[in-house]
Peer 1: 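Sharing a structure below in structure tokens format, with a few things to ask.
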Number of protein chains: 2
Amino acid sequence: MTSSVNPKDAPSAAPLGFQNHDHRACVAGALATAESRCAADGLRLTPVRRKVLELLLQEHRALGAYAILDLLREAGFGSQPPVAYRALEFLVENGFVHKVERLNAFVACAHPGRMHSPAFMICRLCEAVAEAPSAPARGAFGAAARAAGFQIERTVVEAEGVCPSCAAKGDA
Amino acid sequence: MTSSVNPKDAPSAAPLGFQNHDHRACVAGALATAESRCAADGLRLTPVRRKVLELLLQEHRALGAYAILDLLREAGFGSQPPVAYRALEFLVENGFVHKVERLNAFVACAHPGRMHSPAFMICRLCEAVAEAPSAPARGAFGAAARAAGFQIERTVVEAEGVCPSCAAKGDA
DNA sequence: CGCTACTTGTCATGATATTACATTTCAGTT
DNA sequence: AACTGAAATGTAATATCATGACAAGTAGCG
């Protein structure tokens with residue numbers, strides 16, 4: 001399988017994390033990591049969940065829930081929204097996938113296995129999404145939160161702009 | 001949930017920015033600031049736009065577009081979604097209102113008049129939203145963006161957690 | 001006035017997400 | 001192997017958030 005399947009959008013060869021890399025190894029490695037961590041933690045990486053993770057890893061860009069749902073249907077899974085949303089909920093809860101709030105879309109985690117609050121750089125031209133390290137709770141914002149007595153549990157950090165590859169092409 | 005949407009409610013009972021303040025002065029001041037800046041910049045703060053800003057200032061919390069729309073209808077304005085969305089678009093573009101991506105909701109700017117990238121603290125219990133100072137482009141994230149060659153144009157920084165008042169009440 | 005750009009009102013539709021409930025699958029037990 | 005309770009899945013229906021298209025009104029200006 002996996003030969004067909006292309007949502008009306010960009011090809012899966014396109015935007016990576018802003019830099020080239022061995023995509024096949026990246027996908028295989030992330031899936032293996034997910035599998036072993038699920039085994040270790042008693043989590044069930046069921047076929048739908050595994051498929052959603054695989055799709056997100058292969059596309060290597062942010063996909064909306066309904067785009068994922070289309071791909072799931074083509075792969076023979078259920079095609080109602082809760083199928084996709086439930087798989088995504090599991091994957092997000094366990095850190096294998098992040099939600100990009102700004103796009104209402106989901107992207108495979110670039111650093112699975114470690115706990116972290118993700119930060120994203122989103123290209124407004126090609127929609128590529130790169131995950132960056134970040135520690136928002138340290139720094140000025142964290143200080144403001146502590147001063148206000150606010151207990152941070154989760155953070156969303158997303159930057160919108162132009163990726164190097166689009167900037168090189170002639171920006172605008 | 002809890003979008004009570006009652007223009008005659010006492011607004012001072014609602015969640016503020018996590019701290020008490022003179023709400024009437026805060027509303028009046030922000031409206032005056034908006035009016036003078038629009039006059040200075042040749043922007044048209046029309047009745048609908050002014051009303052939306054006033055509503056957001058009075059409520060002093062994040063409101064969804066449809067909650068705003070309900071309030072607009074009660075005030076005698078049009079009641080179709082574009083009415084609210086267009087006013088919000090104007091207000092957001094000009095920095096009078098921010099969108100809270102995490103909530104798909106809108107909140108009046110706490111520091112109008114100055115250009116800034118907003119950062120929010122969102123209480124998951126009472127849904128209060130406080131705006132904090134932040135400079136995400138400085139610090140580790142900004143460094144990562146520069147290293148990657150990514151040109152930041154806009155940032156979203158939102159922390160979810162528990163506000164001091166909910167924490168005092170018995171948290172969980 | 002008559003032109004133009006902008007704004008507003010409305011209908012229709014699209015995009016994103018959740019509730020509710022029946023059915024199936026799984027792990028652990030009898 | 002059959003039983004059981006918890007978890008996962010499939011499906012229909014619905015809720016919530018957002019935009020496109022177009023007609024009608026309004027301000028500023030020659």
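Chain A is the first sequence line, chain B the second, and so forth, proteins listed ahead of strands; every chain is numbered from 1.
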Peer 1: Could you pull out the closest heavy-atom pair between B/I68 and B/A84, with the gap in Å?
Peer 2: CG2-CB, 4.4 Å
Peer 1: Counting side-chain heavy atoms from C-beta on, which of D/dC17, D/dT9, D/dA21 comes nearest to B/Y85?
Peer 2: D/dC17
Peer 1: On the nucleotide C/dG9, are OP1 or OP2 found under 4.0 Å from the side-chain N or O atoms that B/S79 carries?
Peer 2: no
Peer 1: Tell me the interatomic distance from A/L43, atom CG, to C/dC26, atom P, rounded to whole angstroms.
Peer 2: 16 Å
Peer 1: Would the number of heavy atoms belonging to other residues, nucleotides or ligands and lying under 6.0 Å from CZ of B/R73 be above 12?
Peer 2: yes
Peer 1: For the residue pair B/F120 and B/V157, establish whether any side-chain heavy-atom pair is separated by less than 4.5 Å.
Peer 2: no
Peer 1: Evaluate the criterion side chain to side chain contact (heavy atoms under 4.5 Å, CB included) for residue pair A/V162 and B/I152; output intermediate values, then yes/no.
Peer 2: CA-CA 7 Å; A/V162 179; B/I152 295 179; over 6 Å; no
Peer 1: Does A/R138, at its CZ atom, have more than 12 non-hydrogen atoms belonging to other residues, nucleotides or ligands within less than 6.0 Å?
Peer 2: no
Peer 1: Can you tell me how far CD1 of A/I122 sits from CD of B/E153, rounded to the nearest 0.5 angstrom?
Peer 2: 11.5 Å
Peer 1: Hey, which of these two, A/A87 or B/P81, hits DNA chain D nearer its 5' end, going by closest nucleotide?
Peer 2: A/A87
Peer 1: Is the side chain of B/H23 donor-acceptor paired with the backbone N or O of B/L57 at a distance under 3.5 Å, no angle test?
Peer 2: yes
Peer 1: Rounded to the nearest Å, what distance is computed from the CZ atom of residue A/R73 to the P atom of nucleotide D/dT11?
Peer 2: 11 Å
Peer 1: Can you give each donor-acceptor pair under 3.5 Å made by side-chain atoms of residues 87-103 of chain B, sequence neighbours left out, with the distance rounded to 0.1 Å?
Peer 2:
residue: B/N94; atom: ND2; partner: B/F90; partner atom: O; Å: 2.8
residue: B/H98; atom: NE2; partner: B/H116; partner atom: NE2; Å: 3.1
residue: B/H98; atom: NE2; partner: B/E131; partner atom: OE2; Å: 3.3
residue: B/E101; atom: OE2; partner: A/R102; partner atom: NH1; Å: 3.0
residue: B/R102; atom: NE; partner: B/E160; partner atom: OE1; Å: 3.1
residue: B/R102; atom: NH1; partner: A/E101; partner atom: OE2; Å: 2.9
residue: B/R102; atom: NH2; partner: B/E160; partner atom: OE1; Å: 3.2

Peer 1: One character per nucleotide, please: for nucleotides 24-30 of chain D, 5' to 3', B when the base has a protein heavy atom closer than 4.0 Å, S when only the sugar-phosphate does, - otherwise.
Peer 2: ---S---
Peer 1: Keeping A/R49 on the side-chain end and A/R44 on the backbone end, is there a donor-acceptor pair under 3.5 Å?
Peer 2: yes
Peer 1: Counting the atoms with a prime plus P, OP1 and OP2 as sugar-phosphate, which does B/R49 contact under 4.0 Å by heavy atoms, base, sugar-phosphate, or nothing?
Peer 2: sugar-phosphate
Peer 1: Quick one: A/Q80 CD to D/dA8 C1', roughly how many Å, whole number?
Peer 2: 16 Å
Peer 1: What is the distance, rounded to the nearest whole Å, between atom CZ of B/F77 and atom P of C/dT10?
Peer 2: 12 Å
Peer 1: What is the distance, rounded to the nearest whole Å, between atom CG of A/L69 and atom C1' of C/dA17?
Peer 2: 12 Å
Peer 1: Using the side-chain heavy atoms of B/P82, tell me which of these nucleotides is nearest: C/dT19, D/dT19, D/dT9.
Peer 2: D/dT19
Peer 1: Quickly work out the A/R86 CZ to C/dT23 P distance and round it to whole Å.
Peer 2: 15 Å
Peer 1: Among residues 88-106 of chain A, which contact DNA chain D at a heavy-atom distance under 4.0 Å?
Peer 2: none
Peer 1: Mind checking if B/Y66 touches a base, just sugar-phosphate, or nothing, with heavy atoms under 4.0 Å?
Peer 2: base
Peer 1: Rounded to the nearest Å, what distance is computed from the CG atom of residue B/L63 to the C1' atom of nucleotide D/dT16?
Peer 2: 15 Å
